[in-house]
Amino acid sequence: MSSLPHHVENNRTLWARLSKDFDEPGRRAWASGVIDWGVWNVPEEEVHALGDLSLLNGKDTVELGCGTGYVSSWLARLGARPVGVDITPEQLANARKYQREFGIQFPLYEESAEETSLPSESFDYAVSEYGASIWCDPKKWIPEAARLLRPGGRLVFLRNSTISVLCSPQEGAAKPELVNDYRKIERMDWDDGIEFHMPTGDMLRLLRASGFDVVDFIELFPRADTPPTRFEYIDLEWSHRWPAEEMWCAVKR
Ligand SMILES: C[S@@+](CC[C@H](N)C(=O)[O-])C[C@H]1O[C@@H](n2cnc3c(N)ncnc32)[C@H](O)[C@@H]1O
């Protein structure tokens with residue numbers, strides 16, 4: 001563990017502290033069993049990020065930066081065989097707690113998603129919802145996801161939209177104007193966490209260079225009746241005007 005990059009250690013310390021705030025929301029997501037995405041809970045039946053859900057039955061999935069592991073629990077309910085990877089012991093302790101509570105067991109690895117010990121070409125899906133997708137260096141975790149997937153395997157990840165990062169000050173909610181330089185958002189050193197928001201064109205090229213074909217790119221909006229989120233970095237009115245979140249779907253060649 002001593003050879004971990006600075007940002008990985010930094011983010012593990014941050015998530016050890018944040019894990020108590022994600023405990024109850026994690027339980028609610030485990031309990032719901034309905035797949036939805038991001039802060040606005042946009043249903044998978046609208047988004048279709050995972051493709052045909054019936055195909056998940058019997059498939060091997062890996063969640064990179066799984067946190068409390070609720071996405072993996074949803075995939076398990078569809079018949080998949082999930083594996084979760086996360087760097088923070090406190091988050092994995094919550095995931096294990098919910099595994100016992102909801103009776104859904106799957107392996108959890110305390111590792112960095114930038115460099116796992118998992119065997120090559122052993123998964124059909126790799127997913128990340130605000131996990132590796134923002135906390136890991138994409139130049140490391142995207143090639144690692146490519147290594148883990150079998151040919152034809154699907155990578156699905158959700159992150160803050162590029163426009164929301166461009167509009168986000170150090171503190172408070174995203175503004176209705178640009179506050180960050182496009183070329184500086186690739187690595188954002190916030191007051192506590194270090195996040196990665198590779199711009200759109202660079203991400204597209206990285207995915208292609210790592211052996212993926214991008215098959216979908218979905219910008220998420222709240223529904224008309226969606227209530228405000230508990231997250232202070234994004235507000236509802238802003239998110240009706242611009243997409244706060246985006247999902248990438250890519251297939252390994
Ligand atoms: C927003 S949370 C997890 C998202 C998950 N969908 C959830 O809400 O439970 C972000 C997670 O990324 C994990 N993380 C941060 N850096 C990581 C790394 N280098 N490798 C693996 N996981 C990492 C954190 O420990 C944290 O659990």
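Each ligand, and each atom within it, is numbered from 1 in the order the structure gives.
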Solution key, residues 98-105 side-chain donor-acceptor pairs under 3.5 Å, sequence neighbours excluded:
unit_1 : atom_1 : unit_2 : atom_2 : d
Y98    : OH     : D23    : O      : 2.3
Y98    : OH     : D23    : OD1    : 2.2
Q99    : NE2    : F106   : O      : 2.9
E101   : OE1    : R27    : NE     : 3.3
E101   : OE1    : R27    : NH2    : 3.0
E101   : OE2    : R27    : NE     : 2.9
Q105   : NE2    : Q99    : O      : 3.4

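Here A29 has no heavy atoms under 4.0 Å from ligand 1, in either its backbone or its side chain. Neither the backbone nor the side chain of E114 has any atom closer than 4.0 Å to an atom of ligand 1 (non-hydrogen atoms only).
Between Y233 and W190, the ring center distance fails the sub-6.0 Å criterion.
In this structure, the protein non-hydrogen atom closest to atom 4 (C) of ligand 1 is E129 O, 3.1 Å. If you check which protein heavy atom lies closest to atom 13 (C) of ligand 1, you get D86 OD2, 3.2 Å. In terms of protein heavy-atom proximity, atom 23 (C) of ligand 1 is closest to I87 CG2, 3.4 Å. Scanning the protein for heavy atoms near atom 15 (C) of ligand 1, the closest one is W135 CB, 3.4 Å. Atom 7 (C) of ligand 1 has as its closest protein heavy atom Y70 CE2, 3.4 Å. Ranking the protein heavy atoms by distance from atom 18 (C) of ligand 1 puts C136 SG, 3.4 Å first. For atom 20 (N) of ligand 1, the closest non-hydrogen atom of the protein is A113 N, 2.9 Å. Of all protein heavy atoms, the one closest to atom 5 (C) of ligand 1 is C66 O, 3.5 Å.
Annotation: W15 places no N or O atom under 3.5 Å from an N or O atom of ligand 1; distance criterion only. At a 3.5 angstrom cut-off on N or O pairs, Q91 counts as close to ligand 1. At under 3.5 Å, not a single nitrogen or oxygen of Y130, backbone or side chain, sits near a nitrogen or oxygen of ligand 1. Considering both main-chain and side-chain atoms, F22 never comes within under 3.5 Å of ligand 1 through any nitrogen or oxygen pair. Polar contact check, T68 against ligand 1: a nitrogen or oxygen pair lies under 3.5 Å apart.
Residues P169 and V179 share a closest heavy-atom pair of N-CG2, 3.7 Å. Closest non-hydrogen pair, I218 versus C249, comes out as CD1-SG, 4.0 Å.
Comment: K252 engages E121 in a salt bridge, judged by a side-chain N to carboxylate O separation of less than 4.0 angstrom. A salt bridge between R12 and E110 is absent, with no side-chain N of the basic residue lying under 4.0 Å from a carboxylate O of the acidic one.
Other residues, nucleotides and ligands contribute more than 12 heavy atoms inside 6.0 Å of the CD atom of E90.
Assignment of H7 to the shell around ligand 1 is not supported, since no heavy atom sits closer than 4.0 Å.
Under the side chain to side chain donor-acceptor pair (under 3.5 Å) criterion, the residue pairs touching residues 144-156 are D60-R150, T116-E144, T116-R147, S120-R147, D124-R150, E144-R147, with sequence neighbours excluded.
In this model, a donor atom of one side chain and an acceptor atom of the other lie less than 3.5 Å apart for S73 and R77.
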